[in-house]
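Here the structure comes first, spelled out in structure tokens, and everything after it is commentary.
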2 protein chains.
Amino acid sequence: MTTICDKAYSEKDMMYVQDALYVLSGKWKLLIILALSNGDKRFMEIQKSIPRITTKMLSKELKELEANKLIRRVVHDENAVWVEYSFTEYSKALAPLIEEMIKWTKSHRREIFEKVA
Amino acid sequence: MTTICDKAYSEKDMMYVQDALYVLSGKWKLLIILALSNGDKRFMEIQKSIPRITTKMLSKELKELEANKLIRRVVHDENAVWVEYSFTEYSKALAPLIEEMIKWTKSHRREIFEKVA
DNA sequence: CCGGATCCTATCGGATACTG
DNA sequence: CAGTATCCGATAGGATCCGG
């Protein structure tokens, strides 16, 4: 029942949003988490499931996500280089946020993306 | 009931998220919308309510937000330069998303921001 | 297969000064 | 007051190649 109209957000709220943006900023991080949503994936599998991401960006983003405990990195075989990524309890909590993004875009994308994209 | 675990997101879902990120990316856009949450504001008022934003960035972001119909710009007096910004029906729909960001950060910020920030 | 190293460009974003 | 203009460094992001 809190629309933006009814509710004035506090300065604290703004800081919360800023914090979230800090962790989730950039084009790729949320998409990587999405890519892991249907199970663990290896480096190449993640890359294939995210259209235009380069190895460099994927590598960089995976590190940051791991540092922030949003994904987990497990090396299965040192010699064969068998690495698997999975999300954490912590990143699961992002599901409602992701749901809201999808909802919002679904109901509004026509209004914007016909002209912009 | 859909946690990330239970549900595998589709490629379409990924595109939706990408679209949302496209419109909301950067450090400032969501904060600007938040700043307008308790009523219309003038340029300087917005700037004062967002800690470290510069006039340049505010100006730039306002333009983009307006182009995407996420805010409305009304000039009240040509001579006195009296401009007011307000959000739109369209941006009101972002409220649930913002709520989720705040919720998420509230429950998890300690886990991250003690070390990172 | 998993990335790191390198080189490059484009955009982000800050500081400051300036205009109507 | 509401922005613009300019200069600048930092970061994002892409392309390609290389090594374990």
Side-chain angles (χ1 to χ4, degrees), chain A residues 14 17-33 35-36 39-68 70-87 116-117, chain B residues 14 17-33 35-36 39-68 70-87 116-117:
Chain A
M14 284 193 41
V17 171
Q18 237 165 353
D19 286 351
L21 289 174
Y22 179 80
V23 178
L24 306 172
S25 64
K27 296 164 67 175
W28 306 115
K29 295 203 187 69
L30 277 177
L31 296 180
I32 291 171
I33 291 171
L36 295 175
D40 302 356
K41 275 198 173 64
R42 303 174 65 172
F43 189 93
M44 282 304 290
E45 294 174 324
I46 301 175
Q47 186 171 19
K48 267 184 289 186
S49 67
I50 301 178
R52 283 165 301 282
I53 196 169
T54 60
T55 62
K56 173 185 162 187
M57 291 310 297
L58 181 53
S59 165
K60 177 171 154 290
E61 301 287 70
L62 285 171
K63 263 188 212 161
E64 290 181 32
L65 288 170
E66 197 194 0
N68 286 337
L70 283 162
I71 62 168
R72 192 174 298 112
R73 180 180 187 272
V74 179
V75 181
H76 287 276
D77 187 331
E78 286 291 351
N79 298 334
V81 189
W82 210 103
V83 182
E84 203 156 47
Y85 293 90
S86 54
F87 45 67
V116 179
Chain B
M14 284 193 42
V17 171
Q18 238 165 351
D19 286 351
L21 290 173
Y22 179 80
V23 177
L24 307 173
S25 63
K27 294 164 67 176
W28 306 116
K29 296 203 187 69
L30 276 177
L31 296 180
I32 291 172
I33 290 172
L36 294 176
D40 303 357
K41 276 199 173 64
R42 303 174 64 171
F43 190 91
M44 282 303 290
E45 293 173 326
I46 301 175
Q47 187 172 18
K48 266 184 289 186
S49 67
I50 301 178
R52 283 165 301 281
I53 196 169
T54 60
T55 62
K56 172 186 161 186
M57 290 311 296
L58 182 52
S59 165
K60 177 170 154 292
E61 301 287 70
L62 285 171
K63 264 186 210 162
E64 290 181 32
L65 287 170
E66 198 194 359
N68 285 338
L70 283 163
I71 62 167
R72 193 174 298 112
R73 180 180 187 272
V74 178
V75 180
H76 286 276
D77 186 332
E78 286 290 352
N79 299 335
V81 189
W82 210 104
V83 182
E84 204 156 47
Y85 293 91
S86 55
F87 47 66
V116 178

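The chains referred to below are lettered A, B, ... by the order of the sequence lines, with proteins before strands, and numbering in each begins at 1.
- Here Glu66(B) pairs with nothing under the side-chain hydrogen bond (donor to acceptor under 3.5 Å, both in side chains) rule; sequence neighbours left out.
- Not a single side-chain hydrogen bond (donor to acceptor under 3.5 Å, both in side chains) links Arg42(B) to another residue, sequence neighbours left out.
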List the atom pairs, donor and acceptor, that lie under 3.5 Å between side-chain atoms in residues 50-59 of chain B and the rest of the protein, sequence neighbours left out.
| residue | atom | partner | partner atom | Å |
| --- | --- | --- | --- | --- |
| Thr54(B) | OG1 | Met57(B) | N | 3.3 |

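- Protein chain A touches strand DNA chain C; the 5'-most and 3'-most nucleotides with an atom under 4.0 angstrom of its non-hydrogen atoms are dC1(C) to dC7(C).
- Within 4.0 Å of Val83(A), counting heavy atoms only, lie sugar-phosphate atoms of the nucleic acid but no base atom.
- In this structure, the salt bridge (charged side-chain N to carboxylate O under 4.0 Å, His left out) partners of Glu61(A), at least two apart in sequence or on a different chain, are Lys29(A).
- For Glu45(B) and dG3(D), the CD to C1' distance is 15 Å, given to the nearest whole Å.
- Rounded to whole angstrom, the span from the NZ atom of Lys63(B) across to the C1' atom of dA5(D) amounts to 11 Å.
- The closest side-chain heavy-atom distance from Trp28(B) to Gln18(A) is below 4.5 Å.
- As rounded to whole Å, 16 Å separates atom P of dG3(D) from atom NZ of Lys41(B).
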Identify all pairs in which a protein N or O lies below 3.5 Å from an N or O of nucleotides 11-18 of chain D, and state each distance.
| residue | atom | partner | partner atom | Å |
| --- | --- | --- | --- | --- |
| dG13(D) | N7 | Lys56(A) | NZ | 3.2 |
| dG13(D) | O6 | Lys56(A) | NZ | 2.9 |
| dG14(D) | OP1 | Lys27(A) | NZ | 3.3 |
| dG14(D) | O6 | Lys56(A) | NZ | 2.2 |

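- The shortest distance between the side-chain N/O atoms of Ser59(B) and the OP1/OP2 oxygens of dA2(D) is not below 4.0 Å.
- Residues that satisfy the side-chain hydrogen bond (donor to acceptor under 3.5 Å, both in side chains) test with Lys41(A), not counting sequence neighbours, are Asn38(A).
- Residues satisfying the side-chain hydrogen bond (donor to acceptor under 3.5 Å, both in side chains) test with Glu84(B), not counting sequence neighbours, are His76(B).
- Annotation: the span from Glu64(B) atom CD to Leu24(B) atom CG amounts to 11.5 Å, rounded to 0.5 Å.
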request  = Take Val74(B) and Asp40(B), measure what side chain to side chain contact (heavy atoms under 4.5 Å, CB included) needs, and give me the verdict at the end.
outcome  = CA-CA 10 Å; Val74(B) 178; Asp40(B) 303 357; over 6 Å; no
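- In this structure Val83(B) satisfies the side chain to side chain contact (heavy atoms under 4.5 Å, CB included) test together with Arg73(B), Val75(B), Tyr85(B), sequence neighbours excluded.
- Contacts of Asn79(B) classified as side chain to side chain contact (heavy atoms under 4.5 Å, CB included), with partners at least two apart in sequence or in another chain: Asp77(B).
- The side chain of Arg42(B) places an N or O atom within less than 4.0 Å of a non-bridging phosphate oxygen (OP1 or OP2) of dA2(D).
- One end of the helix from dC1(C)-dG20(D) to dG20(C)-dC1(D) points its axis 40° away from the other end's axis, with each axis taken from 5 pairs and the angle rounded to 10°.
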